[in-house]
Amino acid sequence: MAPTLAGPFNDSSALVDFVINQGNGVKGLSELGLKALPKQYIQPFEERMCMTNIVPQGSIPIIDMSNWEDPKVAKSICDAASEWGFFQIVNHDVPVEVLENIKDATYNFFRLPAEVKNKYSKEHSSSNNVRFGTSFTPQAEKALEWKDYLSLFYVSEEEASALWPSVCREQVLDYMKKSEVVIKQLLQVLMKGLNVNEVDEAKESLLMGSMRTNLNYYPKCPNPELTVGVGRHSDVSTLTILLQDEIGGLFVRGNEGDDWIHVPPIKGSLVINVGDALQIMSNGRYRSVEHRVVANGSKNRISVPIFVNPIPVDMIEPLPELVANGEKPIYKQVLYSDYVKHFFRKAHDGKKTIEFAEL
């Protein structure tokens, strides 16, 4: 039986006003105790998660980083990046208390009153680098996603101190700083796997010159089967480092057609995935893979990704070391900021963004 439409929000302008203009987000909708999902969140049938497509025992690789320079460990990282595009790491260098602190800080931010969070919305934020929002690109989406977020683009400690919300600032900075060690280890291994043996300053800047952290909040949802937390997409980053809570809900496209694999939460682990920028720079050897998040009918869920990116003004293309060996480039040179703008200009659409860089 089709659910009845959710009462006061049959009118789209009332929904936009409540969720976006007043800063209530989907958290505010969820807390109204709606019995049915507002129609604006009902995804087309083909975008909903079909539970029969989930691989029951499927798992992405889990890699122990305690001896990351061991050739066997290095090989497993490179294999995971080329075969799966996703893996989890355990026994890494980010202390568990740093991870617990950032989870608490995420809840603390989303507990703030709507009018306080709204100061960081697109319309009111004093900087493009600090953004509270909902869904993905509401103005371009036919159906909205069931998610709120705070996005923090790191420029400097000074700017973070001045502009980031005080309720989560220190914890985000700490998480980013402590994660940098692991990011450098992973990139060093991945570059070696491409026979790029030296990561000098210029190469490091190209791979990880800018970083952004999102605090994601997925409130419980009245009809989770009709919507998505995040639609199918691949990231535009070099790498993404993701901290999940214990709820679960992240799915990765498997290697067989329309199969999806759940990424189970492992306490203290971090989920790593290859982004489009690294797929382009590795000339397709490392794969960025589609992933999505389902909505949950009984629990609120949070996640905290760090997007490790080139600098917006960088040109990205297959690394010269690969092309010098006679490898035929399959991607053209693109300005990274143009690539990112293209991604944010449209609704989530699987792996289509990469076509922007194809030769």
Side-chain angles (χ1 to χ4, degrees), residues 20 22-25 27 92-134 136 147-187 201-202 204-218 235-245 270 275 277 302-314 336-337 340-341 344:
I20 297 175
Q22 293 175 35
N24 288 293
K27 181 174 185 278
H92 49 74
D93 282 334
V94 188
V96 170
E97 62 270 22
V98 172
L99 303 181
E100 292 306 315
N101 290 346
I102 189 75
K103 286 192 222 168
D104 292 345
T106 301
Y107 273 112
N108 289 341
F109 174 78
F110 286 101
R111 280 190 198 111
L112 292 171
E115 58 274 17
V116 177
K117 289 183 289 197
N118 208 21
K119 288 179 187 159
Y120 301 101
S121 68
K122 186 178 181 179
E123 289 67 34
H124 303 116
S125 180
S126 54
S127 165
N128 267 340
N129 298 332
V130 182
R131 176 71 50 81
F132 165 65
T134 190
F136 174 61
K147 176 188 101 166
D148 296 331
Y149 66 87
L150 174 69
S151 183
L152 300 166
F153 183 87
Y154 179 81
V155 176
S156 66
E157 292 250 356
E158 295 71 43
E159 182 179 286
S161 298
L163 300 178
W164 291 11
S166 59
V167 72
C168 58
R169 178 196 308 137
E170 297 309 321
Q171 294 86 345
V172 174
L173 286 170
D174 199 24
Y175 173 49
M176 290 177 98
K177 209 169 283 174
K178 298 287 193 317
S179 298
E180 219 169 286
V181 182
V182 181
I183 293 161
K184 286 179 177 173
Q185 290 169 353
L186 290 168
L187 288 171
E201 259 180 61
E204 189 174 286
S205 172
L206 177 67
L207 293 165
M208 55 178 291
S210 73
M211 290 197 203
R212 180 162 64 88
T213 301
N214 272 20
L215 308 184
N216 293 330
Y217 190 90
Y218 303 93
D235 295 345
V236 292
S237 55
T238 303
L239 287 179
T240 302
I241 316 299
L242 175 81
L243 172 65
Q244 304 200 77
D245 66 9
L270 291 166
I302 57 164
S303 71
V304 189
I306 298 175
F307 300 101
V308 179
N309 306 312
I311 296 169
V313 296
D314 278 336
Y336 186 63
S337 60
V340 173
K341 276 183 202 140
F344 281 104

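Since we're looking at a predicted model, the values are computed, not measured. When a residue number appears, it is its place in the shown sequence, counting from 1.
- Results of the side chain to side chain contact (heavy atoms under 4.5 Å, CB included) test with Met211 over Val155, Ile183, Leu152 single out Ile183 as the only residue that passes.
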Q) Are Leu173 and Tyr154 close enough, and set up right, to give a side chain to side chain contact (heavy atoms under 4.5 Å, CB included), and what steps lead you there? A) CA-CA 9 Å; Leu173 286 170; Tyr154 179 81; 3.6 Å; yes
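- One finds the CG atom of Leu242 at 8.0 Å from the CZ atom of Phe307 (value rounded to the nearest 0.5 Å).
- In plain terms, the two heavy atoms of Pro310 and Ser210 that are nearest each other are O-OG, 2.8 Å.
- Although no hydrogens or angles enter the test, the distance criterion places no donor-acceptor pair under 3.5 Å between the side chain of Ser125 and the main chain of Arg131.
- Using a 4.5 Å heavy-atom threshold, the side chains of Thr134 and Ile20 count as touching.
- Between Phe132 and Phe110, the angle of the ring planes lies from 30° to 60°, which puts this pair in the tilted group.
- Heavy-atom minimum distance, Val94 versus Lys178: CG2-O, 3.7 Å.
- Rounding to the nearest 0.5 Å gives a distance of 8.0 Å between OG of Ser303 and CG of Leu243.
- Expressed to the nearest 0.5 Å, how far CD1 of Ile241 lies from CD of Glu180 amounts to 11.0 Å.
- Nearest heavy atoms, Leu99 versus Ile102: O-CG2, 3.1 Å.
- Ion pairing between Lys177 and Glu157 holds under the 4.0 Å rule for side-chain N and carboxylate O.
- One distance of note links CG of Leu215 with OH of Tyr175; it measures 9.5 Å at 0.5 Å rounding.
- Between the Thr240 side chain and the Ile306 main chain, no donor and acceptor come within less than 3.5 Å of each other.
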Q: Please step through side chain to side chain donor-acceptor pair (under 3.5 Å) for the pair Asn309 and Ser237, ending with a clear verdict.
A: CA-CA 5 Å; Asn309 306 312; Ser237 55; 4.6 Å; no
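- Residue Glu123 places its CD atom among more than 12 non-hydrogen atoms of other residues, nucleotides or ligands, all under 6.0 Å distant.
- Of the options Met176, Glu170, Arg169, a side chain to side chain contact (heavy atoms under 4.5 Å, CB included) to Val172 is made by Met176 and by none of the others.
- Side-chain contact check for Val340 versus Pro312: every heavy-atom pair is 4.5 Å or farther apart.
- For the atom pair NZ (Lys117) and NE2 (His124), the distance works out to 15.0 Å, reported to the nearest 0.5 Å.
- The nearest pair of heavy atoms linking Ile302 to Lys103 is CD1-O, 3.6 Å.
- Under the 3.5 Å distance criterion, with hydrogens and angles disregarded, no donor-acceptor pair is assigned to the side chains of Asn108 and Gln171.
- Put simply, CD on Gln185 and NE2 on His92 are 10.5 Å apart, with the number rounded to the nearest 0.5 Å.
- Of the residues Ile311, Leu187, Thr238, the one that meets the side chain to side chain contact (heavy atoms under 4.5 Å, CB included) test with Met208 is Leu187.
- Nearest heavy atom pair, residue Leu206 against residue Asp314, reads CA-OD2, 3.7 Å.
- Each of Asn214, Asn128, Asn129, Thr213 was scored for a side-chain hydrogen bond (donor to acceptor under 3.5 Å, both in side chains) with Ser151, with one residue passing: Asn214.
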Q: Test side chain to side chain contact (heavy atoms under 4.5 Å, CB included) on Val236 and Tyr336 and set out the steps.
A: CA-CA 9 Å; Val236 292; Tyr336 186 63; 3.8 Å; yes
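- A side-chain donor-acceptor contact under 3.5 Å links Asp148 to the backbone of Lys27.
- Across all non-hydrogen atoms, the minimal contact from Asn216 to Tyr149 is OD1-CB, 3.5 Å.
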